[in-house]
Each structure stands twice: as C-alpha cells, then as structure tokens.
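Remarks on the structure that follows.
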Amino acid sequence: MTVQRYHFHCVGGGGDVVFDLSGRWVPRLRALGLQADRVAQAIMAGAPDTDWSDWLVDVHDACGRRVLVRAFEDARSAKRSETFD
C-alpha cells in the first residue's frame with residue numbers, strides 16, 4: 001500500500017476558492033470520498049448559514065491531476081445518513 005498526498009481544494013460557483021496548500025496523506029484511493037466529505041463538512045460547519053449548494057471539493061494528486069470531484073451537497077447528505085446508522 002502506498003500512501004499519497006492529495007489536495008482538497010474547495011471551489012464555489014461564484015469563483016470563490018479555498019486552496020488546500022499543504023494537502024493530506026490518504027492511505028487508499030477509495031478513502032478519498034470520505035476525506036472529501038470531511039473537508040466539506042468542516043468548511044460548512046464554519047459558516048452554517050451560507051448557501052453551499054454550488055460548492056465542490058476538487059481533489060488533486062501530488063502531480064496536480066484531478067482524481068475526484070465531490071459536491072458539498074453530497075457531503076451534507078453523507079453526514080445525515082451517518083446520524084441514522
């Protein structure tokens with residue numbers, strides 16, 4: 001298993017961006033979705049009255065290649081389903 005660093009940039013439809021300059025080490029490719037959800041949930045928790053409906057987590061590997069795009073709305077849905085499990 002190779003642990004790789006990924007950058008979880010957050011992009012809004014109006015051109016707003018939160019860059020993840022340091023990145024995060026992720027042990028498995030299949031864990032990227034869960035990590036993207038956590039990033040989105042943390043940002044949404046910081047400004048709960050903001051409309052996050054057009055925001056995305058744009059995940060890139062260390063070479064700058066896009067490997068995943070996840071909507072904040074999907075992260076919000078994932079958090080709701082965790083509370084019912």
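The model shown is predicted, which means the values in this text are computed figures rather than measured ones. Nothing fancy with the numbering, it's 1 onward along the sequence.
Checked against ring-ring contact (aromatic ring centres under 6.0 Å, His included), Phe72 has the following partners two or more places apart in sequence or in another chain: Trp52, Trp55. Evaluation of the side-chain hydrogen bond (donor to acceptor under 3.5 Å, both in side chains) rule for Arg5 yields no partner, not counting sequence neighbours. Residues passing the salt bridge (charged side-chain N to carboxylate O under 4.0 Å, His left out) test with Asp20 are Arg24, sequence neighbours excluded. Applying the side-chain hydrogen bond (donor to acceptor under 3.5 Å, both in side chains) test to Arg30 and every residue at least two apart in sequence or in another chain returns nothing. Residues forming a side-chain hydrogen bond (donor to acceptor under 3.5 Å, both in side chains) with Asp58 (at least two apart in sequence, or on another chain): His60, Arg66. Contacts of Leu32 classified as side chain to side chain contact (heavy atoms under 4.5 Å, CB included), with partners at least two apart in sequence or in another chain: Tyr6, Phe8, Val26, Leu29, Val59, Val67, Leu68. By the side-chain hydrogen bond (donor to acceptor under 3.5 Å, both in side chains) test, Asp16 is found to be paired with no residue, residues two or more places apart in sequence or in another chain being considered.
When the side chains of ILVMFWY residues are joined at heavy-atom separations under 4.5 Å, either directly or via intervening members, Leu21 and Val18 end up in two distinct hydrophobic clusters.
In terms of heavy-atom proximity, Val57 sits nearest to Ala40 at CG2-CB, 3.8 Å. Considering every non-hydrogen atom in both Arg70 and Ala36, the closest pair reads CB-CB, 4.2 Å. In terms of heavy-atom proximity, Met44 sits nearest to Ala75 at CE-CB, 4.3 Å. Taking all atoms of both residues into account, the shortest heavy-atom contact from Val39 to Cys10 is CG1-SG, 3.7 Å.
Judged as a ring-ring contact (aromatic ring centres under 6.0 Å, His included), not a single pair has a partner in residues 23-49 (not counting sequence neighbours). Among residue pairs with one or both ends in residues 42-51, those qualifying as side chain to side chain donor-acceptor pair (under 3.5 Å) are Asp51-Ser53; sequence neighbours excluded.
How far NE2 of His7 is from CG of Asp61: 8.5 Å, rounded to the nearest 0.5 Å. In this structure, the separation between CG on Asp37 and CD on Gln41 is 5.5 Å, given to the nearest 0.5 Å.
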